[in-house]
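Every chain is numbered from 1 and lettered A, B, ... according to where its sequence line falls, protein lines coming before strand lines.
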Number of protein chains: 2
Amino acid sequence: MRQTKQKRYIMEAFQNYHGHPTAEELYAVLSPKHPRLSLATVYRNLNQFADKGMINRVIIPNGPTRFDSILDFHYHAICEECGELFDIDSPEIRAVDEAIHNIKAFNVSNYKIMLYGTCDLCKVKSQHLHENPSFN
Amino acid sequence: MRQTKQKRYIMEAFQNYHGHPTAEELYAVLSPKHPRLSLATVYRNLNQFADKGMINRVIIPNGPTRFDSILDFHYHAICEECGELFDIDSPEIRAVDEAIHNIKAFNVSNYKIMLYGTCDLCKVKSQHLHENPSFN
DNA sequence: TTACATGCAAAGTATTTGCTTCGCT
DNA sequence: AGCGAAGCAAATACTTTGCATGTAA
């Protein structure tokens with residue numbers, strides 16, 4: 001993998017990005033400063049980084065692929081209220097992973113899991129709304 | 001949901017289809033007998049059936065959505081050799097489901113999981129190849 | 001210098017939608 | 001009769017690819 005300034009720009013923008021950007025989102029950040037950068041290059045490089053294991057691809061059902069800088073073990077969860085993607089880890093999640101490794105059938109070598117629920121912020125919001133319907 | 005002959009054709013083709021068809025695959029089966037049937041109608045009806053809980057939508061990472069007639073609890077697994085999608089159930093899989101229900105964070109209300117491994121047929125094939133490299 | 005990367009536009013894949021017409025109920 | 005559904009084509013969303021040019025090693 002050859003060093004290019006595009007690769008550096010993309011990796012830098014990715015690391016400064018809070019959350020889990022899509023290729024388009026990174027392109028939107030980079031495009032103003034680097035008008036000649038093309039979306040295809042962003043896609044190509046993010047895919048290359050992911051293939052090399054430098055970053056994580058998070059496939060979203062019914063949505064664009066997002067990328068994740070956390071390489072350590074964790075799960076992903078989508079908040080059904082706000083649509084945001086979150087990184088999740090806990091002892092209970094380790095227990096899920098362990099249970100999956102116990103599956104004997106099918107030579108299971110790998111898996112993808114996506115959790116759906118409510119993030120902390122949306123949980124608080126709906127509580128306030130419940131207590132005071134004019135809250136927004 | 002209004003009764004139409006298209007709905008009947010699609011549901012019938014779906015039930016006669018062995019495995020997990022995509023909208024395109026069902027359309028390919030139906031199109032010769034019903035040349036006026038449109039792919040959009042197949043999509044619209046499969047989505048309607050799924051929304052009504054009559055059939056199951058199986059979202060495939062990097063691939064077209066497949067549909068499943070089994071409504072009972074089970075998981076899905078993709079064979080990494082042949083690409084086929086399989087229905088899976090076993091006590092170990094129930095244990096995974098249980099472990100997921102034990103997750104306290106994020107108010108997890110739902111999840112999607114896809115297992116990757118090797119199906120029985122491909123397992124046998126690769127054993128034969130191992131024992132006799134000319135096997136095919 | 002040469003092989004890989006980029007930019008750009010075009011194509012690809014999967015699916016949905018606008019709109020007119022059709023046909024259940 | 002009225003309104004949801006079908007047919008068709010076009011649009012959409014996301015992503016990849018072909019090809020000429022650029023540039024890192």
Requested in this report: Name the residue closer to the 5' end of DNA chain C, choosing between R2(A) and A40(B) according to the nucleotide with the nearest heavy atom.
Outcome: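 The answer here is R2(A).
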
**Report entry** Which residue lies more 5' along DNA chain C, comparing M1(A) with N62(B) via nearest heavy atoms
**Finding:**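 Closer to the 5' end of DNA chain C: M1(A).
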
For atom [atom1] of [X] and atom [atom2] of [N], their distance in whole Å:
X	N	atom1	atom2	value
F67(A)	dT15(D)	CZ	P	7 Å
L26(B)	dA14(C)	CG	P	15 Å
H34(B)	dC8(D)	NE2	C1'	18 Å
L39(B)	dG7(D)	CG	C1'	11 Å
K7(B)	dC22(C)	NZ	P	18 Å
R8(A)	dT23(D)	CZ	P	13 Å
Y27(B)	dT15(C)	OH	C1'	14 Å
K5(A)	dA25(D)	NZ	P	13 Å

Query raised in the report: If you look at every heavy atom in Y27(A) and L37(A), which pair is closest and at what distance?
Result: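 Scanning both residues completely, I find the closest heavy atoms to be CE1-O, 3.3 Å.
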
Report task. Quick one: pull up NZ in K123(B) and SG in C79(B) and give me the separation to the nearest 0.5 Å. Result ->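 Result: 9.5 Å between the selected atoms.
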
Query raised in the report: Of all the nucleotides listed (dA24(D), dA5(D), dT15(C)), which has the minimum atom distance to the side chain of E24(B)?
Result: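 So the nucleotide nearest the side chain must be dT15(C).
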
Report task. For R66(A) and H20(A), indicate whether the former's side chain and the latter's backbone hold a donor-acceptor pair under 3.5 Å. Result ->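 Yes, the answer is positive, given that a donor and an acceptor are paired below the 3.5 Å cut-off.
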
Requested in this report: Report yes or no: does N56(B) contribute a side-chain atom to a donor-acceptor pair with the main-chain N or O of I70(B) at less than 3.5 Å?
Outcome: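 Yes; at least one donor-acceptor contact below 3.5 Å.
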
Query raised in the report: So, D97(A) and R94(A), do they make that salt bridge, N to O below 4.0 Å?
Result: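 Looking at D97(A) and R94(A), the cut-off is not met.
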
Quick one: is [X] getting a side-chain N or O under 4.0 Å of the [N] phosphate, OP1 or OP2?
X	N	result
T4(A)	dT6(C)	yes
Q6(B)	dG23(C)	no
S38(B)	dC8(D)	no
R36(A)	dC8(C)	yes
T22(A)	dC14(D)	no

**Report entry** Side chain to side chain, Y111(A) and M114(B), heavy atoms closer than 4.5 Å
**Finding:**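 With C-beta onward as the side chain, the pair stays apart.
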
Requested in this report: Using heavy atoms and a sub-4.0 Å distance, could you list which residues of residues 41-61 of chain A are near DNA chain C? By number, please.
Outcome: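 Within this stretch, T41(A), R44(A), N45(A), Q48(A) sit under 4.0 Å of the strand.
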
Requested in this report: Give a yes or no on whether the ring-centroid distance for F67(A) and F14(A) is below 6.0 angstrom.
Outcome: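 No: the rings miss the under 6.0 Å criterion.
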
